[in-house]
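First comes the structure, then the notes that go with it.
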Amino acid sequence: LIKYALQCDSAHEFEVWFSSSSDFDAQLKRGFITCPVCNSSKIKKQLMRPSVSSAGNRRQDNLPVVSQSGMNPELVSRLRALRKEVERNSEDVGERFPDEARSIHYGEKPQRGIRGKASVKEARELFDEGVGVLPLPVLPEENN
Ligand SMILES: [Zn+2]
């Protein structure tokens with residue numbers, strides 16, 4: 001069974017179960033689907049909504065970013081210094097980052113600082129598991 005979120009031409013929203021998507025198409029074509037509020041048979045599917053429902057979850061879809069343009073040059077150089085400091089004190093594990101971060105989090109490997117690459121999706125999964133991850137600021141190299 002598939003649940004469809006539907007909407008009539010008067011914007012009444014309702015949900016109906018169908019045995020399959022072709023069942024939905026067939027019933028729609030024959031005008032068998034009508035709005036429970038106004039009885040209109042001009043029905044269309046509602047736009048897909050994100051599967052996460054709480055506002056707290058939705059916020060995690062976005063990573064915080066800052067614009068370097070117009071930022072105080074001193075702050076930019078401090079960020080650059082911070083990045084170097086992080087790089088000096090962590091091991092670059094590259095693409096293995098999500099696995100390594102999990103192993104350390106769950107105590108399968110000794111505690112140590114690591115850095116590497118993770119997609120937004122991977123970073124979010126780690127975040128959801130309670131594995132702390134931070135985006136490392138990416139800055140253009142100095143011209144010297
Ligand atoms: Zn209606």
Side-chain angles (χ1 to χ4, degrees), residues 1-29 33-38 40-144:
L1 287 174
I2 306 171
K3 186 164 72 175
Y4 279 104
L6 305 174
Q7 192 174 25
C8 79
D9 55 346
S10 304
H12 300 128
E13 298 181 353
F14 56 100
E15 290 177 339
V16 184
W17 289 92
F18 297 94
S19 58
S20 65
S21 63
S22 55
D23 178 36
F24 165 76
D25 291 336
Q27 293 205 38
L28 183 67
K29 224 171 265 173
I33 307 167
T34 53
C35 171
V37 181
C38 67
S40 166
S41 58
K42 287 176 186 149
I43 306 296
K44 62 179 182 187
K45 275 187 238 180
Q46 284 179 34
L47 291 177
M48 293 299 273
R49 287 180 179 161
S51 55
V52 286
S53 53
S54 87
N57 281 341
R58 204 156 46 235
R59 224 176 294 129
Q60 292 167 22
D61 285 340
N62 300 317
L63 291 176
V65 289
V66 293
S67 163
Q68 193 187 344
S69 309
M71 191 188 283
N72 184 336
E74 196 200 325
L75 187 54
V76 174
S77 71
R78 274 158 63 187
L79 273 177
R80 190 174 279 126
L82 180 66
R83 189 192 162 97
K84 280 184 181 156
E85 188 73 13
V86 168
E87 288 177 350
R88 259 201 304 276
N89 291 286
S90 61
E91 182 191 334
D92 188 1
V93 297
E95 311 284 340
R96 290 185 292 115
F97 180 84
D99 290 338
E100 288 290 314
R102 268 193 193 91
S103 299
I104 292 168
H105 178 73
Y106 293 112
E108 293 158 11
K109 293 201 174 165
Q111 292 280 328
R112 70 192 202 281
I114 59 165
R115 66 182 194 280
K117 294 190 176 75
S119 68
V120 172
K121 183 173 173 285
E122 288 166 335
R124 186 183 163 166
E125 284 167 2
L126 290 169
F127 185 87
D128 286 347
E129 285 177 45
V131 183
V133 291
L134 287 172
L136 205 51
V138 178
L139 300 161
E141 294 307 313
E142 276 167 299
N143 301 322
N144 59 10

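Nothing fancy with the numbering, it's 1 onward along the sequence. The model shown is predicted, which means the values in this text are computed figures rather than measured ones.
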- Item | Criterion salt bridge (charged side-chain N to carboxylate O under 4.0 Å, His left out) against Glu100, the qualifying member of Lys117, Arg115, Arg112 | Arg112
- Query: Under 4.5 Å between any side-chain heavy atoms of Phe18 and Ile33, yes or no?
  - Reply: yes
- Item | Euclidean distance, Ser19 OG relative to Ile2 CD1, rounded to 0.5 Å | 8.0 Å
- Task: With rounding to the nearest 0.5 Å, note down the distance linking CD in Glu125 to OG in Ser119.
- Result: 7.0 Å
- Query: What's the shortest heavy-atom distance between Ile104 and Gln111, and which atoms?
  - Reply: O-NE2, 3.7 Å
- Message: On a heavy-atom basis, which atom in Cys8 and which in Phe14 lie closest, and how many Å separate them?
- Response: N-CE2, 4.2 Å
- Taking the side chain as every heavy atom from C-beta outward, state whether Glu85 and Arg88 have any atom pair closer than 4.5 Å. yes
- Donor-acceptor contact below 3.5 Å, side chain Glu15 vs main chain Tyr4: no
- Message: For Thr34 versus Ile43, what's the shortest heavy-atom pair and its separation?
- Response: C-CD1, 4.2 Å
- Message: side chain to side chain contact (heavy atoms under 4.5 Å, CB included), that's the test. Do Lys45 and Leu6 meet it? Break it down for me.
- Response: CA-CA 4 Å; Lys45 275 187 238 180; Leu6 305 174; 4.0 Å; yes
- Side chain to side chain, His105 and Glu129, heavy atoms closer than 4.5 Å: no
- Which distance, rounded to the nearest 0.5 Å, do you find between the NZ of Lys121 and the CG of Leu126? 10.5 Å
- Under 4.5 Å between any side-chain heavy atoms of Cys38 and His12, yes or no? yes
- Item | Least distance between heavy atoms, Gly116 atom then Phe97 atom | N-CD1, 3.5 Å
- Task: State, to 0.1 Å, how close Ala118 and Glu122 come at their nearest heavy-atom pair, and which atoms those are.
- Result: CA-OE1, 3.3 Å
- Message: Counting C-beta onward and ignoring hydrogens, is there a side-chain heavy-atom pair between Arg78 and Leu82 closer than 4.5 Å?
- Response: no
- Under the 3.5 angstrom rule, does the side chain of Ser40 hit a backbone N or O of Lys42 as a donor-acceptor pair? yes
